[in-house]
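Some notes on the structure that comes next.
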Number of protein chains: 2
Amino acid sequence: MSGKAPTIIDVAREAGVSIKTVSRVMNQEPGVNSETRGQVLSVITRLNYRPQQSARSLAGARSFLIGLLYYDPSADYIAGVQQGATLRCREAGYHLVVESLDDDAPDIGHQVDRVVSALRPDGMILTPPLSDNAQVLAALRAARTPCVLVSPAQETEGVASVRMDDQRAAQEITGLLLALGHRRIGFVKGAADQAASKLRYQGYLRALKAAQVPLDKDLIVPGDFKFDSGVAAATQLLARKARPTAIFASNDDMALGVLTTAQRMGIAVPAELSIAGFDDSPAAVLVWPRLTTVHQPKALMARTAVELLVAASRGDDPGQLHRVLPHQVVVRESTGAAPVARESTGAAPGSALPAKPGPGR
Amino acid sequence: MSGKAPTIIDVAREAGVSIKTVSRVMNQEPGVNSETRGQVLSVITRLNYRPQQSARSLAGARSFLIGLLYYDPSADYIAGVQQGATLRCREAGYHLVVESLDDDAPDIGHQVDRVVSALRPDGMILTPPLSDNAQVLAALRAARTPCVLVSPAQETEGVASVRMDDQRAAQEITGLLLALGHRRIGFVKGAADQAASKLRYQGYLRALKAAQVPLDKDLIVPGDFKFDSGVAAATQLLARKARPTAIFASNDDMALGVLTTAQRMGIAVPAELSIAGFDDSPAAVLVWPRLTTVHQPKALMARTAVELLVAASRGDDPGQLHRVLPHQVVVRESTGAAPVARESTGAAPGSALPAKPGPGR
DNA sequence: CTGAAAGCGCTTACAG
DNA sequence: CTGAAAGCGCTTACAG
């Protein structure tokens, strides 16, 4: 508890070795007598010595810093990613620096450049839509900073990436609705400029095809991932004569718009209409019935991204560069068996209450 | 675009000055001939020179790093805080390092210590509940690392803090309900161990007193800030003979539980029951009617925290150490005029639809 | 298996 | 107003 923090010199003196040996122990380099190593380790513990990041960074090739770059993410997305990244960083002795960028800014390359040249991070994690931003990627490449793309639109040769299988997840959740007996399943598309939109749509199509359910194009409506577009989509879909018995929205925000609209129209969920979303957002469990949806492995993707970067900076073999992580279909109360087969005749009777109020939890 | 990034030596040579002069210009120190300064600046721009954080940190007293420490925050909270912090950091030439800690861990002091001794950040921002964690504060004090507490339970002499006025906000939103003619206003408390719970409750009490509305203790029910406790609270409150015409929940998650419960009981919101929350969470606008609530100045609190830290690290006068930032009451569709004065007789007729469906947006 | 020397790119006193 | 020297705390070659 003296005034100054101990340095590598203090440790070396106490342990009766050179600073080089202490350095070797700290970096877990091979070729140190195990007795010497134990001796040094005990002094390190006793003095509570911690190497200083700035000195290691200046002298060596590593900064022990990993950057997380994002642009206008949903709160839930960034929180999930960050949780996984910070925990894995701590385990590996790294620290996470976060930077919020403007995807539309013409000087975004410079913004990246600034961070990289100031911090010299050992790696960068890019979340969508930055994972598809050519300027960002070019700036990183020029600075020779390794990066991992989270859910990029497409995998790039030699650039690491982590993602989940959006198409398969969408196929699974559509399959769930089909298994419940639904045949008229509405689909609300995501924003046209996002890669996930297309994948989720394809998953929906595949599931129908696999179940040999003919495609009804009128059941497919546009959306932009926002609540209001879910409201608009539901308004359109539920006004049909032969209205769908289920609606799968490309994300939870839109699914909540569908849910609200159904409730306002007096359509019981899930008795008369099943609703499924995608994302497992916090709001999915803040409504009743709670949403059936897909849980994206955000924290695991981030952990994996950190691992790939740490391996690369250590010179270890990172293994497979393109990782596809397992998702989870979360079945809650917004989906149920299709109504018994009598064609809906338009306006349905009944209240907004579910047939059987479920338990409060 | 050569292989190596330019150093201060390259700049000095090009500008025909000593590295010390370049250093002075970079740090905006006074006492440099303005012509010399301009000359140096132009070389810096031309070479695209950026000082390296690790070298500055090692040689000097500043690291240009600010830490953000949190424990299990809501996604929305951390995202809001971070947005404000990263932007202000960028403007000031700082970078934000985030670390997720475990508030219950017995070695949390060590966890903090590890970050501080490795990174030597110029300051730390602590969010609740860490802003009230004695071990964290002690570790920071021992390391002489300046910190700013976000919304601490109580202000500490000499320790900077930023917060909003929870009590006044709660008083305002209760006042809004009173102004709408409500007299039986239910209140759902927050978790007993959080400082905000008490403040919001006091605000509710004050508003009633100011309006000379007698306190009915049966209208006050416990809660823990979670959705389910809102459901439980509403179930209890709405079963009363003289049921409340409005319910103010201490946060949005609970308010959503109240909303769902009302809808399932066939009580129209806001025609028969007004509902108000607190936080302005993302979910507040993902339901219908959208929630009337209080918007907490998360980003502004974080910006201010960074400013206090940057000023301190520059040796500038930070000014007032305890900042109270303005909040905003956001009036949406979940609140309306109190039903005309006929005593509720228990079970109310009507559907879950609002009297007049509002606009879709 | 271990160590002495040089150097990473800046800032801090100290001179002039 | 400007600069030459020392040094921050490590790692990198290089020896032995």
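In what follows, chains are A, B, ... by sequence order, proteins preceding strands, each numbered from 1. The model shown is predicted, which means the values in this text are computed figures rather than measured ones.
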D/dC10, C/dC10, D/dT2: which one has an atom nearest the side-chain heavy atoms of B/Thr7?
C/dC10
Grab the CD1-P distance between A/Ile19 and C/dA6 for me, whole Å please.
13 Å
Reckon A/Ser18 has a side-chain N or O less than 4.0 Å from the OP1 or OP2 of C/dA4?
no
What is the distance, rounded to the nearest whole Å, between atom OH of B/Tyr49 and atom P of C/dG9?
10 Å
A/Ala55 or B/Arg56, whichever maps to the more 5' nucleotide of DNA chain C:
A/Ala55
State, without any angle test, whether A/Arg50 and B/Ser117 hold a side-chain donor-acceptor pair at a distance under 3.5 Å.
yes
Could you tell me how far apart B/Ile9 (CD1) and D/dA5 (C1') are, to the nearest whole angstrom?
13 Å
Are B/His95 and B/Arg90 side-chain neighbours, meaning at least one heavy-atom pair lies under 4.5 Å?
no
Answer whether the closest heavy-atom distance between the side chains of A/Leu308 and A/Val162 falls below 4.5 Å.
yes
From C-beta outward on B/Gln52, which listed nucleotide comes closest to its side chain: D/dC10, D/dG3, C/dC10?
C/dC10
Between CZ of B/Arg314 and C1' of C/dT11 the distance, given in whole Å, is 17 Å
In whole angstrom, what separates B/Leu58's CG from D/dG7's C1'?
9 Å
Just how far, in rounded Å, is C1' of D/dG3 from CG of B/Asn33?
15 Å
Spacing between A/Gln53 atom CD and D/dC8 atom C1', to the nearest angstrom:
14 Å
Minimum heavy-atom separation for A/Pro6 to A/Leu47, with atom names?
CG-O, 3.4 Å
Which nucleotide, if any, forms a Watson-Crick or G-U wobble pair with C/dA4, using both distances under 3.5 Å?
none
Measure from the side chain of A/Asn27, starting at C-beta and using heavy atoms only, and say which of D/dT11, C/dT12, D/dT2 lies closest.
D/dT11
With both distances under 3.5 angstrom, what nucleotide forms a Watson-Crick or G-U wobble pair with C/dA13?
none
In sequence, state the C-alpha distance, the side-chain angles, and the governing distance for A/Gln82 and B/Gln82, and then conclude on side-chain hydrogen bond (donor to acceptor under 3.5 Å, both in side chains).
CA-CA 11 Å; A/Gln82 217 167 277; B/Gln82 218 167 277; 2.6 Å; yes
Could you please name the option among C/dG7, D/dG3, C/dC10 that lies closest to any side-chain atom of A/Ala59?
C/dG7
A/Arg120 (side chain) and C/dG9 (base): donor-acceptor pair under 3.5 Å
no
Check whether any side-chain N or O of B/Thr36 sits under 4.0 Å from OP1 or OP2 of D/dT2, and answer yes or no.
yes
Let me know the distance between NZ of A/Lys20 and P of C/dA6, rounded to the nearest Å.
16 Å
Tell me whether the side-chain N or O atoms of A/Arg24 pair up with the base of C/dT2 as donor and acceptor below 3.5 Å, since no angle test is needed here.
yes
Can you find a side chain N or O atom of B/Thr21 that sits less than 4.0 Å from OP1 or OP2 on D/dG3?
yes
